[in-house]
Number of protein chains: 4
Amino acid sequence: MVERIVAAAEDVVAERGYDGTSTNRVATRAGVSPGSLYQYFPDKDALITEVLDRYVTALEARISAAFPGRLGPDLSPASIRGVVSELVDALAERPALLRVLSERLPRTAGHRRVAFAQRIDNVTTTALRFRNGPDPLVPVEAVAWVVVRTVEHVAISYVLEEPDLERSMVVDELCTLVSAYLRLRAAP
Amino acid sequence: MVERIVAAAEDVVAERGYDGTSTNRVATRAGVSPGSLYQYFPDKDALITEVLDRYVTALEARISAAFPGRLGPDLSPASIRGVVSELVDALAERPALLRVLSERLPRTAGHRRVAFAQRIDNVTTTALRFRNGPDPLVPVEAVAWVVVRTVEHVAISYVLEEPDLERSMVVDELCTLVSAYLRLRAAP
Amino acid sequence: MVERIVAAAEDVVAERGYDGTSTNRVATRAGVSPGSLYQYFPDKDALITEVLDRYVTALEARISAAFPGRLGPDLSPASIRGVVSELVDALAERPALLRVLSERLPRTAGHRRVAFAQRIDNVTTTALRFRNGPDPLVPVEAVAWVVVRTVEHVAISYVLEEPDLERSMVVDELCTLVSAYLRLRAAP
Amino acid sequence: MVERIVAAAEDVVAERGYDGTSTNRVATRAGVSPGSLYQYFPDKDALITEVLDRYVTALEARISAAFPGRLGPDLSPASIRGVVSELVDALAERPALLRVLSERLPRTAGHRRVAFAQRIDNVTTTALRFRNGPDPLVPVEAVAWVVVRTVEHVAISYVLEEPDLERSMVVDELCTLVSAYLRLRAAP
DNA sequence: TATGAATGAGCTTTCATTCAT
DNA sequence: AATGAATGAAAGCTCATTCAT
């Protein structure tokens, strides 16, 4: 039941965006009565949050798996390229949901997204610390934060803006950008 | 009158977001009758578009002014820092509007925002070409696109996420990132 | 529920005419919420169309039943009188609805009304042909059309104008008129 | 000024019907401010009444002129044909206004129309009395009423329904109908 | 548990009318 | 006299939510 509802909601959200998603429409699509919907979700927002939450979870799984050694401390160019490439692929799979997620970020499912980003921040921070050792001159938290936002949003922009640029070229440049920066931020 | 309405709409949009902005609410806030609103704006969307448009215009003006020599081809670290710093300041001034603008990107005022970003793309492309000369090995369009998105979205993320990081530190890192990358992308 | 709504709408339409019938007014009169109305009718027009449609249906049923032999080819004075008399009675029953029907003829339920009139045209044409045989000198379609409009509109005028004339007298004259004409238009 | 307003209103009413005629639209069309309109007409209805009133007046003038001897007592077939033919022509000139007049009959300008019809009733009654002498067996008022309504509404129906019938044929039949009836209703 | 009819506040928009200028 | 900005009641309609069954 919950599955049917969430699946229907996913479709509707992807097709019609946040505002175009009415509880009645979801219920109809799920072949369920509007009342039933409220047996499992307190309100509309909770339902859509669930949809976006699942999306973020799936995204997390895919991206985490791309980190060699499960989010390990590897920051070599090859590893970076693998992660970035996988990230773009993952985001490109459901652009409609990505768009809704980007639009509605702070209100509902934003928490999950931010939480995920922060986890990546931590992993990156750890990796930097591991590589650099205790170096008070490099603000690793800030470095990690900037790098993670850069990769995240450039990838998202590429998927949503659909600029007239080759995917591989953009991925190359993004990797070059990140590698150049991280090389600079590694202890000498 | 138009000023009163737009000002009220600005407040309401900032406070309650796009969907929470009802024409009646704006009219009430402006101390004006709902009908008056339609003497100056054909519909709700036109009103909100006007609000976001003004915001984008103000942003543009401030950021453009930050480019030494009027968006000139200067890409020195000092110039980059000036622009980035001004960008963060400008974005930080009305975070609520920025949030709505980010949410509603593709529908309404998004055009303006995208158009502005593309103009910056062009300026950056020109600057790179100027600096590099005709070098077929560097894909200047992609470089410009990546750099501009990076700066734009890292700055936006900083304003909207309010991470526990010093502003100057983030700006420093962002500049370091961009400078390192552009140095690499300059002809040898 | 549908019954309650339609009944209320009937009252309101009869009392206040087409434009004076607002969905809220109907809902209030029916003791029902405005939303409920839209569970059964897609919009205001559909509701009023339903009201007028029912009225036309009832009218049709009554008048058709008055034709001896179910709209048969009988055009004797007695048959004419029966039909005309019944027509006036039927129309006189809900003058307010008749007025709205006349006002709104071409837009909505007018189709039904026109369609009904055309059916009567056909019946009359057939009856005339049956009586006359193939007589190229008498334009039976035109004869039928003129006769049917005459009876229809004189009856309607009598009901809506309420002239200071005895009902039976007007019916007599109308029948005389029609009989004289049809006698003339019969083959010699 | 009044002329400009009424002329504009005439156009708008003919183009968009009663409901589609808003005071603002009329004012705009007349190149006049909405306020000015209320200097000459107490409300919207008064304005449209004026429009329809003028239309009825023009109709009256044309039709009256068609009566040989200025609405004289002549009821010969030739005279009937002249009047009927002129009536159809007159009505066919502004079908849009005729439609509005028919739709809105009882509320506003209906008085004028009814009053005109009654004047024709009187003329016809007088003519019948003149021809028949004091004959208590023929209810001249009813005869006149029926004849006038017949001619009026058959003509209107022809103009508004646009049936697939030759104009001259319908006029012929209508005249035949009237003549047959009146011959019968003349004193022997 | 599941239903779905019913709700009603709230939405965007129109337009006849007024009144300070 | 003429203006036209301003009005505000009311319109048609939507949809998140409830509750008797």
Side-chain angles (χ1 to χ4, degrees), chain A residues 1-2 4-5 12 16 18-28 30-48, chain B residues 1-2 4-5 16 19-28 30-48, chain C residues 1-2 4-5 16 18-28 30-48, chain D residues 1-2 4-5 12 16 19-28 30-48:
Chain A
M1 191 75 170
V2 173
R4 261 166 75 185
I5 294 173
V12 177
R16 320 182 69 115
Y18 190 97
D19 298 350
T21 300
S22 83
T23 52
N24 287 339
R25 193 125 49 195
V26 170
T28 302
V32 147
S33 96
S36 298
L37 211 141
Y38 284 83
Q39 217 114 38
Y40 301 102
F41 301 95
D43 57 20
K44 180 189 169 180
D45 252 47
L47 172 57
I48 297 193
Chain B
M1 189 74 173
V2 172
R4 257 167 79 185
I5 294 173
R16 321 186 66 120
D19 298 349
T21 301
S22 82
T23 51
N24 285 341
R25 199 124 50 193
V26 171
T28 303
V32 145
S33 93
S36 297
L37 212 142
Y38 286 85
Q39 213 129 36
Y40 302 101
F41 301 96
D43 56 23
K44 180 190 168 178
D45 250 48
L47 172 57
I48 298 192
Chain C
M1 190 72 171
V2 172
R4 257 167 80 186
I5 293 172
R16 321 184 66 120
Y18 191 97
D19 297 349
T21 300
S22 81
T23 52
N24 285 342
R25 197 124 51 195
V26 171
T28 303
V32 145
S33 92
S36 298
L37 212 141
Y38 287 86
Q39 212 129 37
Y40 302 102
F41 301 95
D43 56 22
K44 180 190 168 179
D45 250 48
L47 172 57
I48 298 192
Chain D
M1 189 76 169
V2 172
R4 260 166 75 185
I5 294 172
V12 176
R16 321 183 67 116
D19 297 351
T21 300
S22 82
T23 51
N24 287 338
R25 194 126 49 195
V26 170
T28 302
V32 148
S33 97
S36 298
L37 211 142
Y38 284 84
Q39 216 114 40
Y40 301 102
F41 301 95
D43 56 23
K44 179 189 170 181
D45 251 46
L47 172 58
I48 297 192

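By convention in this document, chain letters (A, B, ...) are assigned in the order of the sequence lines, proteins followed by strands, and residues within each chain are numbered from 1. Values below: all heavy atoms of this structure, side chains included; hydrogens, waters and symmetry mates excluded.
Within 4.0 Å (heavy atoms only), B:N24 reaches at least one base atom of the nucleic acid. Residue-level contact check: D:S36 touches the bases, meaning some heavy atom is under 4.0 Å from a base atom. Contact annotation for B:F41: no contact, since no heavy-atom pair falls under 4.0 Å across all strands. Nucleic acid contact for A:T28: none, since no nucleic acid atom lies under 4.0 Å from a heavy atom of the residue. Using a 4.0 Å heavy-atom distance criterion, B:T23 is classed as a base contact.
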Quiz item: Should D:Y38 and D:L47 be marked as a side chain to side chain contact (heavy atoms under 4.5 Å, CB included) after you check the CA-CA gap, both sets of side-chain angles, and the distance that decides it?
Solution: CA-CA 9 Å; D:Y38 284 84; D:L47 172 58; over 6 Å; no

Quiz item: What's the verdict on side chain to side chain contact (heavy atoms under 4.5 Å, CB included) for B:F41 and B:T23, showing C-alpha distance, side-chain angles and the deciding distance?
Solution: CA-CA 11 Å; B:F41 301 96; B:T23 51; over 6 Å; no

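Protein atom CD of D:Q39 is 6 Å distant from nucleotide atom P of F:dA2, rounded to whole Å. One atom, OH of D:Y40, and another, C1' of F:dA2, lie 8 Å apart when rounded to the nearest Å. Atoms NZ (C:K44) and P (E:dT13) sit 19 Å apart, rounded to a whole Å. Residue A:D19 contributes atom CG, which lies 14 Å from atom C1' of E:dT12 at whole-angstrom precision. Distance B:L37 CG to F:dA6 P: 12 Å, rounded to the nearest Å. As a whole-Å value, the separation of D:R4 CZ from F:dT3 C1' is 13 Å. The separation between A:I5 atom CD1 and F:dT17 atom C1' is 15 Å, rounded to whole Å. Across the protein-nucleic acid pair, C:Y38 atom OH and E:dG8 atom P stand 17 Å apart, rounded to whole Å.
The shortest distance between the side-chain N/O atoms of D:R25 and the OP1/OP2 oxygens of E:dT14 is not below 4.0 Å. Close to E:dC11, at under 4.0 Å from its OP1 or OP2, lies a side-chain N or O of B:S22.
Remark: side-chain polar atoms of C:R4 are paired, donor with acceptor, to backbone N or O of C:A30 under 3.5 angstrom. With hydrogens and angles disregarded, no donor-acceptor distance shorter than 3.5 Å links the side chain of A:R25 to the backbone of A:V12. Using a distance-only test at 3.5 Å, with no hydrogens or angles considered, no donor-acceptor pair links the side chain of C:S36 to the main chain of C:V32.
For B:D43, the side-chain atoms get nearest to E:dT13 when compared with the rest of F:dT7, E:dA2, E:dT13. For B:P34, whose side chain is taken as the heavy atoms from C-beta onward, the closest listed nucleotide among E:dC15, F:dA9, F:dT7 is F:dA9.
The pairing partner recorded for F:dA20 is E:dT3, the criterion being a Watson-Crick or G-U wobble arrangement whose two distances lie under 3.5 angstrom.
DNA chain E is contacted by both B:P42 and C:G31; C:G31 maps to the nucleotide lying nearer its 5′ end (nearest heavy atom per residue).
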